[in-house]
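Input: a single structure, listed below in C-alpha coordinates.
A note on names: the letters A, B, ... follow the listed sequences, proteins ahead of strands, and every chain is numbered from 1. Since the structure is predicted, the reported quantities are computational estimates derived from the model, not experimental observations.
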Amino acid sequence: MTSLNFEAIFQSKIDDEVKIEPKDWMPDAYRKTLIRQISQHAHSEIVGMLPEGNWITRAPSLRRKLILLAKVQDEAGHGLYLYSAAETLGADRDDLVQQLLTGKAKYSSIFNYPTLNWADIGAIGWLVDGAAITNQVMLTRTSYGPYARAMVRICKEESFHQRQGYELMMAMAFGSPEQKAMAQDSLNRWWWPALMMFGPHDSDSPHSDQALKWKIKRKSNDELRQNFVDVTVPQAEYLGLTVPDPDLRWNEERGHYDFGKINWDEFWSVVKGNGPCNRQRIQARTKAYEDGAWVREAAMAHAEKKEQRKMQPEAASKAA
Amino acid sequence: MKKEWPLWEIFIRSKSGLNHKHVGSLHAADAEMALENARDLYTRRNEGVSIWVVESKHITASDPDDSDPLFEPARDKVYRHPTFYTVPDEVSHM
(Lines give C-alpha, C1' and ligand atoms only; values in the text may rest on other atoms or scores of the structure.)
Protein backbone atom coordinates (compact mmCIF):
# COMPACT_ATOMS: atom_id res chain seq x y z
CA MET A 1 0.00 0.00 0.00
CA THR A 2 1.28 3.47 -0.79
CA SER A 3 1.39 6.17 1.85
CA LEU A 4 -1.33 7.96 -0.09
CA ASN A 5 -3.61 5.01 0.59
CA PHE A 6 -2.67 5.04 4.26
CA GLU A 7 -3.48 8.70 4.37
CA ALA A 8 -6.86 8.18 2.71
CA ILE A 9 -7.75 5.39 5.15
CA PHE A 10 -6.64 7.57 8.05
CA GLN A 11 -8.77 10.51 6.92
CA SER A 12 -11.80 8.30 6.32
CA LYS A 13 -11.52 6.98 9.89
CA ILE A 14 -11.42 10.57 11.16
CA ASP A 15 -14.43 11.47 8.99
CA ASP A 16 -16.32 8.44 10.33
CA GLU A 17 -15.53 9.45 13.93
CA VAL A 18 -13.34 6.40 14.53
CA LYS A 19 -10.71 7.28 17.13
CA ILE A 20 -7.05 6.97 16.25
CA GLU A 21 -5.15 4.78 18.72
CA PRO A 22 -1.40 4.72 19.48
CA LYS A 23 -0.34 1.90 17.17
CA ASP A 24 -2.52 2.95 14.23
CA TRP A 25 -0.87 4.46 11.17
CA MET A 26 -0.99 8.25 11.25
CA PRO A 27 0.66 10.99 9.18
CA ASP A 28 3.89 12.29 10.69
CA ALA A 29 2.47 15.79 10.83
CA TYR A 30 -0.54 14.55 12.84
CA ARG A 31 1.79 12.86 15.32
CA LYS A 32 4.03 15.92 15.57
CA THR A 33 1.11 18.32 15.98
CA LEU A 34 -0.34 16.17 18.75
CA ILE A 35 2.94 15.78 20.60
CA ARG A 36 3.41 19.54 20.46
CA GLN A 37 -0.15 20.32 21.53
CA ILE A 38 -0.44 17.67 24.26
CA SER A 39 2.96 18.44 25.76
CA GLN A 40 2.25 22.18 25.76
CA HIS A 41 -0.99 21.39 27.48
CA ALA A 42 0.87 19.24 30.04
CA HIS A 43 3.45 21.99 30.64
CA SER A 44 0.60 24.46 31.19
CA GLU A 45 -0.88 22.27 33.91
CA ILE A 46 2.48 21.97 35.65
CA VAL A 47 3.43 25.64 35.39
CA GLY A 48 -0.14 26.48 36.34
CA MET A 49 0.54 25.10 39.81
CA LEU A 50 2.92 27.98 40.52
CA PRO A 51 0.67 31.07 40.61
CA GLU A 52 -1.80 29.24 42.85
CA GLY A 53 0.85 27.56 44.97
CA ASN A 54 1.88 31.12 45.84
CA TRP A 55 -1.22 31.39 48.05
CA ILE A 56 -1.32 28.00 49.81
CA THR A 57 0.46 29.23 52.92
CA ARG A 58 -1.65 32.39 53.00
CA ALA A 59 -5.12 30.95 52.42
CA PRO A 60 -7.47 32.77 54.83
CA SER A 61 -9.01 29.61 56.34
CA LEU A 62 -8.30 25.92 56.70
CA ARG A 63 -11.22 25.17 54.37
CA ARG A 64 -9.76 27.38 51.63
CA LYS A 65 -6.31 25.92 52.19
CA LEU A 66 -7.55 22.34 51.80
CA ILE A 67 -9.43 23.28 48.63
CA LEU A 68 -6.42 25.04 47.15
CA LEU A 69 -4.10 22.15 48.00
CA ALA A 70 -6.47 19.69 46.35
CA LYS A 71 -6.75 21.88 43.28
CA VAL A 72 -3.00 22.31 42.88
CA GLN A 73 -2.57 18.56 43.32
CA ASP A 74 -5.15 18.03 40.57
CA GLU A 75 -3.16 20.26 38.23
CA ALA A 76 -0.12 18.04 38.82
CA GLY A 77 -2.31 15.05 38.04
CA HIS A 78 -3.59 16.66 34.85
CA GLY A 79 -0.04 17.32 33.74
CA LEU A 80 0.81 13.66 34.30
CA TYR A 81 -2.26 12.33 32.43
CA LEU A 82 -1.22 14.50 29.50
CA TYR A 83 2.47 13.61 29.55
CA SER A 84 1.50 9.96 29.47
CA ALA A 85 -0.84 10.62 26.52
CA ALA A 86 2.07 12.30 24.68
CA GLU A 87 4.27 9.30 25.44
CA THR A 88 1.84 6.98 23.64
CA LEU A 89 2.90 8.86 20.49
CA GLY A 90 6.55 7.96 21.05
CA ALA A 91 7.60 11.13 22.87
CA ASP A 92 10.14 10.75 25.66
CA ARG A 93 9.16 12.24 29.03
CA ASP A 94 12.57 13.63 29.83
CA ASP A 95 12.84 15.28 26.39
CA LEU A 96 9.50 16.95 26.97
CA VAL A 97 10.59 18.28 30.34
CA GLN A 98 13.85 19.55 28.83
CA GLN A 99 11.92 21.37 26.12
CA LEU A 100 9.96 23.20 28.81
CA LEU A 101 13.04 24.11 30.82
CA THR A 102 15.03 25.33 27.81
CA GLY A 103 12.11 27.40 26.53
CA LYS A 104 11.79 25.35 23.34
CA ALA A 105 8.25 24.35 24.29
CA LYS A 106 5.62 26.88 25.25
CA TYR A 107 2.91 26.74 27.88
CA SER A 108 -0.23 28.78 28.29
CA SER A 109 0.72 32.44 28.62
CA ILE A 110 -1.88 33.04 31.29
CA PHE A 111 0.44 31.52 33.89
CA ASN A 112 2.98 34.29 33.32
CA TYR A 113 0.74 36.72 35.16
CA PRO A 114 1.19 37.19 38.92
CA THR A 115 -1.38 36.41 41.63
CA LEU A 116 -1.40 39.70 43.53
CA ASN A 117 -4.38 39.43 45.85
CA TRP A 118 -6.40 36.59 47.35
CA ALA A 119 -9.31 37.20 44.96
CA ASP A 120 -6.94 36.16 42.14
CA ILE A 121 -7.32 32.59 43.35
CA GLY A 122 -11.05 32.95 42.78
CA ALA A 123 -10.56 34.63 39.41
CA ILE A 124 -8.21 31.88 38.24
CA GLY A 125 -10.73 29.16 39.09
CA TRP A 126 -13.64 31.07 37.61
CA LEU A 127 -12.04 32.63 34.50
CA VAL A 128 -8.85 30.71 33.74
CA ASP A 129 -10.29 27.29 34.48
CA GLY A 130 -13.55 28.42 32.88
CA ALA A 131 -11.71 29.27 29.67
CA ALA A 132 -9.72 26.04 29.90
CA ILE A 133 -12.92 24.02 30.32
CA THR A 134 -14.45 25.62 27.22
CA ASN A 135 -11.48 24.34 25.26
CA GLN A 136 -11.20 21.02 27.07
CA VAL A 137 -14.84 20.03 26.70
CA MET A 138 -14.26 20.26 22.96
CA LEU A 139 -11.10 18.18 23.34
CA THR A 140 -12.95 15.29 25.01
CA ARG A 141 -14.07 14.58 21.42
CA THR A 142 -10.65 14.99 19.84
CA SER A 143 -9.69 12.33 17.29
CA TYR A 144 -6.74 10.82 19.21
CA GLY A 145 -8.01 8.27 21.74
CA PRO A 146 -5.51 8.68 24.61
CA TYR A 147 -5.82 12.49 24.46
CA ALA A 148 -9.61 12.33 24.45
CA ARG A 149 -9.62 9.94 27.43
CA ALA A 150 -7.23 12.16 29.41
CA MET A 151 -9.54 15.08 28.68
CA VAL A 152 -12.59 13.26 30.01
CA ARG A 153 -10.84 12.73 33.34
CA ILE A 154 -9.59 16.30 33.40
CA CYS A 155 -12.97 17.85 32.63
CA LYS A 156 -14.61 15.95 35.48
CA GLU A 157 -12.06 17.40 37.88
CA GLU A 158 -11.99 20.92 36.39
CA SER A 159 -15.62 21.38 37.23
CA PHE A 160 -14.70 21.50 40.93
CA HIS A 161 -11.94 24.00 40.11
CA GLN A 162 -14.28 26.41 38.43
CA ARG A 163 -17.00 26.15 41.05
CA GLN A 164 -14.66 26.70 43.99
CA GLY A 165 -13.30 29.75 42.16
CA TYR A 166 -16.73 31.22 41.62
CA GLU A 167 -17.68 30.52 45.22
CA LEU A 168 -14.54 32.34 46.36
CA MET A 169 -15.43 35.28 44.09
CA MET A 170 -18.91 35.35 45.62
CA ALA A 171 -17.43 35.50 49.12
CA MET A 172 -15.29 38.45 48.05
CA ALA A 173 -17.82 40.28 45.88
CA PHE A 174 -20.58 40.03 48.52
CA GLY A 175 -18.17 40.79 51.39
CA SER A 176 -16.86 44.11 52.72
CA PRO A 177 -16.28 47.05 50.33
CA GLU A 178 -12.55 46.28 50.52
CA GLN A 179 -13.15 42.66 49.55
CA LYS A 180 -15.38 43.70 46.69
CA ALA A 181 -12.67 46.08 45.48
CA MET A 182 -10.18 43.21 45.53
CA ALA A 183 -12.57 41.08 43.49
CA GLN A 184 -13.03 43.86 40.94
CA ASP A 185 -9.27 44.48 40.75
CA SER A 186 -8.74 40.81 40.12
CA LEU A 187 -11.38 40.68 37.36
CA ASN A 188 -9.78 43.76 35.78
CA ARG A 189 -6.42 42.03 35.57
CA TRP A 190 -7.56 38.52 34.53
CA TRP A 191 -10.34 39.23 32.04
CA TRP A 192 -8.25 40.06 28.99
CA PRO A 193 -5.53 37.45 29.55
CA ALA A 194 -8.36 34.87 29.91
CA LEU A 195 -9.73 35.89 26.48
CA MET A 196 -6.22 35.58 25.04
CA MET A 197 -6.06 31.95 26.22
CA PHE A 198 -8.05 30.92 23.15
CA GLY A 199 -5.19 32.06 20.92
CA PRO A 200 -5.03 34.34 17.87
CA HIS A 201 -8.05 35.18 15.76
CA ASP A 202 -8.99 32.52 13.21
CA SER A 203 -7.75 34.77 10.42
CA ASP A 204 -4.27 34.74 12.05
CA SER A 205 -4.16 31.11 13.08
CA PRO A 206 -2.38 29.20 10.29
CA HIS A 207 -2.58 25.67 11.77
CA SER A 208 -6.27 25.80 12.56
CA ASP A 209 -7.64 24.43 9.28
CA GLN A 210 -5.53 21.29 9.40
CA ALA A 211 -6.33 20.75 13.08
CA LEU A 212 -10.05 21.00 12.26
CA LYS A 213 -9.73 18.63 9.31
CA TRP A 214 -8.00 16.08 11.54
CA LYS A 215 -10.58 16.78 14.25
CA ILE A 216 -7.86 17.49 16.77
CA LYS A 217 -9.95 20.61 17.34
CA ARG A 218 -13.62 20.87 16.54
CA LYS A 219 -14.20 24.57 17.06
CA SER A 220 -12.12 27.55 16.05
CA ASN A 221 -10.38 29.89 18.50
CA ASP A 222 -12.94 32.63 17.89
CA GLU A 223 -15.92 30.32 18.32
CA LEU A 224 -14.58 29.09 21.66
CA ARG A 225 -13.78 32.62 22.81
CA GLN A 226 -17.31 33.75 21.94
CA ASN A 227 -18.79 30.80 23.87
CA PHE A 228 -16.74 31.75 26.88
CA VAL A 229 -17.74 35.42 26.79
CA ASP A 230 -21.40 34.53 26.37
CA VAL A 231 -21.52 32.31 29.44
CA THR A 232 -19.19 34.37 31.62
CA VAL A 233 -20.65 37.87 31.32
CA PRO A 234 -23.91 36.96 33.13
CA GLN A 235 -21.79 35.30 35.85
CA ALA A 236 -19.92 38.60 36.34
CA GLU A 237 -23.24 40.47 36.47
CA TYR A 238 -24.47 38.16 39.22
CA LEU A 239 -21.39 39.05 41.24
CA GLY A 240 -22.12 42.75 40.72
CA LEU A 241 -18.69 43.18 39.12
CA THR A 242 -17.91 45.13 35.96
CA VAL A 243 -16.18 43.44 33.04
CA PRO A 244 -13.33 45.80 32.06
CA ASP A 245 -14.46 46.29 28.46
CA PRO A 246 -16.35 49.46 27.45
CA ASP A 247 -17.31 47.87 24.12
CA LEU A 248 -18.99 44.87 25.69
CA ARG A 249 -22.69 44.68 24.83
CA TRP A 250 -25.35 42.16 23.95
CA ASN A 251 -25.97 41.92 20.22
CA GLU A 252 -29.60 40.92 19.78
CA GLU A 253 -29.16 40.20 16.09
CA ARG A 254 -26.19 37.85 16.49
CA GLY A 255 -27.47 36.38 19.74
CA HIS A 256 -24.00 36.90 21.21
CA TYR A 257 -22.05 39.50 23.15
CA ASP A 258 -19.91 41.88 21.12
CA PHE A 259 -16.63 42.65 22.82
CA GLY A 260 -13.68 44.99 22.39
CA LYS A 261 -10.33 44.52 20.67
CA ILE A 262 -7.80 42.23 22.29
CA ASN A 263 -4.32 43.65 22.79
CA TRP A 264 -2.39 41.19 20.64
CA ASP A 265 0.88 43.04 21.16
CA GLU A 266 0.65 42.12 24.82
CA PHE A 267 -0.23 38.53 23.91
CA TRP A 268 2.79 38.09 21.62
CA SER A 269 5.10 39.83 24.05
CA VAL A 270 4.11 37.37 26.81
CA VAL A 271 4.37 34.40 24.42
CA LYS A 272 7.88 35.52 23.50
CA GLY A 273 8.95 35.46 27.12
CA ASN A 274 8.42 39.03 28.29
CA GLY A 275 5.37 38.63 30.49
CA PRO A 276 5.54 39.66 34.14
CA CYS A 277 6.57 36.21 35.42
CA ASN A 278 8.03 34.17 32.52
CA ARG A 279 11.55 34.00 33.97
CA GLN A 280 10.35 33.32 37.48
CA ARG A 281 8.18 30.40 36.31
CA ILE A 282 10.97 28.67 34.41
CA GLN A 283 13.41 29.30 37.23
CA ALA A 284 11.00 27.63 39.66
CA ARG A 285 10.56 24.61 37.37
CA THR A 286 14.30 24.33 36.78
CA LYS A 287 15.02 24.49 40.50
CA ALA A 288 12.42 21.80 41.20
CA TYR A 289 13.90 19.60 38.46
CA GLU A 290 17.48 20.04 39.65
CA ASP A 291 16.67 19.70 43.35
CA GLY A 292 14.80 16.48 42.58
CA ALA A 293 17.64 14.91 40.57
CA TRP A 294 19.22 13.10 43.51
CA VAL A 295 15.82 11.71 44.55
CA ARG A 296 15.19 10.30 41.08
CA GLU A 297 18.64 8.74 40.97
CA ALA A 298 18.48 7.36 44.50
CA ALA A 299 15.06 5.80 43.91
CA MET A 300 16.32 4.13 40.75
CA ALA A 301 19.47 2.84 42.49
CA HIS A 302 17.37 1.52 45.37
CA ALA A 303 14.99 -0.23 42.98
CA GLU A 304 17.91 -1.85 41.15
CA LYS A 305 19.45 -3.04 44.38
CA LYS A 306 16.16 -4.57 45.55
CA GLU A 307 15.79 -6.28 42.19
CA GLN A 308 19.30 -7.76 42.45
CA ARG A 309 18.61 -9.05 45.96
CA LYS A 310 15.50 -10.77 44.71
CA MET A 311 17.46 -12.44 41.91
CA GLN A 312 20.31 -13.63 44.14
CA PRO A 313 19.07 -13.84 47.72
CA GLU A 314 22.04 -15.94 48.86
CA ALA A 315 24.77 -13.75 47.45
CA ALA A 316 23.11 -10.72 48.92
CA SER A 317 22.84 -12.23 52.39
CA LYS A 318 26.49 -13.36 52.28
CA ALA A 319 27.62 -9.94 51.24
CA ALA A 320 25.71 -8.45 54.12
CA MET B 1 24.62 7.67 34.19
CA LYS B 2 21.23 9.19 33.71
CA LYS B 3 18.47 6.67 33.74
CA GLU B 4 14.79 7.50 33.58
CA TRP B 5 12.26 5.72 35.73
CA PRO B 6 10.49 3.10 33.62
CA LEU B 7 6.92 3.48 32.41
CA TRP B 8 4.10 1.47 34.03
CA GLU B 9 0.58 0.81 32.77
CA ILE B 10 -2.10 1.23 35.41
CA PHE B 11 -5.29 -0.84 35.76
CA ILE B 12 -7.98 0.03 38.29
CA ARG B 13 -10.91 -2.00 39.61
CA SER B 14 -13.48 0.67 40.28
CA LYS B 15 -15.55 -1.54 42.59
CA SER B 16 -15.80 -5.17 43.61
CA GLY B 17 -17.47 -7.20 40.93
CA LEU B 18 -15.97 -5.27 38.02
CA ASN B 19 -12.84 -5.90 35.95
CA HIS B 20 -9.64 -3.98 36.30
CA LYS B 21 -9.60 -1.46 33.50
CA HIS B 22 -6.67 0.35 31.91
CA VAL B 23 -6.63 4.02 32.96
CA GLY B 24 -3.27 5.33 31.80
CA SER B 25 0.40 5.16 32.64
CA LEU B 26 3.03 6.73 34.87
CA HIS B 27 6.74 6.59 35.64
CA ALA B 28 8.08 4.93 38.79
CA ALA B 29 11.37 3.40 39.92
CA ASP B 30 9.75 0.08 40.90
CA ALA B 31 6.42 -1.70 41.27
CA GLU B 32 5.88 -0.53 44.82
CA MET B 33 6.34 3.11 43.87
CA ALA B 34 4.16 2.58 40.80
CA LEU B 35 1.34 1.43 43.10
CA GLU B 36 1.76 4.42 45.39
CA ASN B 37 1.91 6.87 42.50
CA ALA B 38 -1.10 5.24 40.86
CA ARG B 39 -3.02 5.71 44.10
CA ASP B 40 -2.19 9.44 44.08
CA LEU B 41 -2.65 9.94 40.36
CA TYR B 42 -5.64 7.82 39.41
CA THR B 43 -7.72 7.41 42.58
CA ARG B 44 -7.91 10.89 44.12
CA ARG B 45 -11.72 10.66 44.10
CA ASN B 46 -12.49 7.10 45.17
CA GLU B 47 -12.15 5.76 41.64
CA GLY B 48 -10.83 2.42 42.78
CA VAL B 49 -10.72 -0.46 45.24
CA SER B 50 -7.78 -2.27 43.66
CA ILE B 51 -4.82 -1.38 41.45
CA TRP B 52 -2.66 -3.45 39.09
CA VAL B 53 0.61 -2.08 37.74
CA VAL B 54 2.48 -3.67 34.84
CA GLU B 55 5.73 -2.36 33.42
CA SER B 56 4.85 -1.18 29.92
CA LYS B 57 7.64 -3.15 28.27
CA HIS B 58 5.97 -6.40 29.38
CA ILE B 59 2.81 -5.73 27.40
CA THR B 60 2.56 -7.36 23.99
CA ALA B 61 -0.03 -5.73 21.77
CA SER B 62 -1.55 -6.93 18.53
CA ASP B 63 -0.64 -4.96 15.44
CA PRO B 64 -3.51 -2.84 14.10
CA ASP B 65 -2.30 -3.55 10.55
CA ASP B 66 -2.95 -7.26 11.20
CA SER B 67 -6.36 -6.71 12.68
CA ASP B 68 -8.18 -7.87 9.53
CA PRO B 69 -6.64 -11.35 9.38
CA LEU B 70 -6.65 -11.52 13.18
CA PHE B 71 -10.33 -10.85 13.70
CA GLU B 72 -11.69 -11.95 10.35
CA PRO B 73 -12.30 -15.59 11.42
CA ALA B 74 -14.98 -14.42 13.87
CA ARG B 75 -16.77 -12.25 11.37
CA ASP B 76 -18.45 -14.92 9.23
CA LYS B 77 -19.65 -17.03 12.14
CA VAL B 78 -23.06 -15.50 12.61
CA TYR B 79 -24.32 -18.82 13.97
CA ARG B 80 -22.45 -18.02 17.18
CA HIS B 81 -25.05 -15.36 17.98
CA PRO B 82 -28.50 -16.16 19.42
CA THR B 83 -30.15 -13.89 16.84
CA PHE B 84 -29.15 -16.38 14.12
CA TYR B 85 -31.88 -18.78 15.31
CA THR B 86 -35.59 -18.38 14.81
CA VAL B 87 -37.75 -19.44 17.72
CA PRO B 88 -41.56 -19.07 17.55
CA ASP B 89 -43.12 -16.33 19.70
CA GLU B 90 -45.23 -18.80 21.68
CA VAL B 91 -42.09 -20.46 23.02
CA SER B 92 -41.01 -18.46 26.05
CA HIS B 93 -38.03 -18.37 28.42
CA MET B 94 -35.53 -18.63 25.61
- prompt: Are there more than 12 heavy atoms of other residues, nucleotides or ligands under 6.0 Å from atom CZ of A/Arg163?
  reply: no
task: Using non-hydrogen atoms and a 4.5 Å limit, figure out which bit of A/Val97 sits close to chain B: side chain, backbone, both or neither.
output: neither
message: So does B/Leu41 get a backbone contact from the side chain of A/Tyr81, meaning a donor-acceptor N/O pair under 3.5 Å?
response: yes
task: Look at A/Gln73, A/His78, A/Glu304, A/Met300 and state which one has the largest set of heavy-atom pairs under 4.5 Å with chain B.
output: A/Met300
query: Do you know which of A/Ala85, A/Ala301, A/Ala299 has the most heavy-atom pairs with chain B at a distance under 4.5 angstrom?
result: A/Ala299
message: For the CG atom on B/Asn46, are there more than 12 heavy atoms of other groups (residues, nucleotides or ligands in this structure) within a distance under 6.0 Å?
response: no
task: Tell me, for A/Lys156 versus chain B, whether the close heavy atoms (under 4.5 Å) come from the side chain, the backbone, both or neither.
output: neither
message: Distance check, rounded to the nearest 0.5 Å: A/Tyr83 atom OH versus B/Leu7 atom CG?
response: 14.5 Å
query: Quick one: what part of B/Ala61 sits under 4.5 Å from any heavy atom of chain A, side chain, backbone, both or neither?
result: both
Per-residue contact mode, B/Ser67 against chain A (heavy atom under 4.5 angstrom): neither
task: Please determine if B/Asp66 and A/Lys23 form a salt bridge, counting it only when a charged side-chain N lies under 4.0 Å from a carboxylate O.
output: no
- line: Pair count under 4.5 Å, heavy atoms only, with chain A: among B/Asp65, B/Asp30, B/Asp40, B/Leu26, highest is B/Asp30
message: Rounded to the nearest 0.5 Å, what separates atom CE in B/Met33 from atom NE2 in A/His302?
response: 8.5 Å
- line: Bottom line for A/Asp74: the part with an atom under 4.5 Å from chain B's heavy atoms is both
- prompt: So with a 6.0 Å cut-off around NZ of B/Lys77, is the heavy-atom count from everything else above 12?
  reply: yes
query: chain B heavy atoms under 4.5 Å from A/Glu21: which part of the residue, side chain, backbone, both or neither?
result: neither
message: For chain A, which candidate among B/Ala29, B/Pro6, B/Ser62 shows the most heavy-atom pairs at distances under 4.5 Å?
response: B/Ala29
message: When you measure from the side chain of A/Arg93 to the backbone of B/Trp5, do you find a donor-acceptor pair of N or O atoms at a distance under 3.5 Å?
response: no
Segment of A/Glu87 engaging chain B (4.5 angstrom heavy-atom cut-off): side chain
task: Assess whether atom CG of A/Asp291 is packed by more than 12 heavy atoms of other residues, nucleotides or ligands within 6.0 Å.
output: yes
- request: Inspect the surroundings of CG in B/Asn19 and state if more than 12 heavy atoms from other residues, nucleotides or ligands are less than 6.0 Å away.
  value: no
task: State whether the number of non-hydrogen atoms from other residues, nucleotides or ligands found under 6.0 Å of B/Trp52 atom CH2 is greater than 12.
output: no
statement: chain B shares the most heavy-atom pairs under 4.5 Å, among A/Lys306, A/Arg149, A/Glu307, with A/Lys306
task: Apply the test side chain to side chain contact (heavy atoms under 4.5 Å, CB included) to residues A/Arg153 and B/Glu47: give CA-CA distance (whole Å), side-chain angles for both, the deciding distance (0.1 Å), then the verdict.
output: CA-CA 11 Å; A/Arg153 295 186 72 88; B/Glu47 289 94 336; 4.1 Å; yes
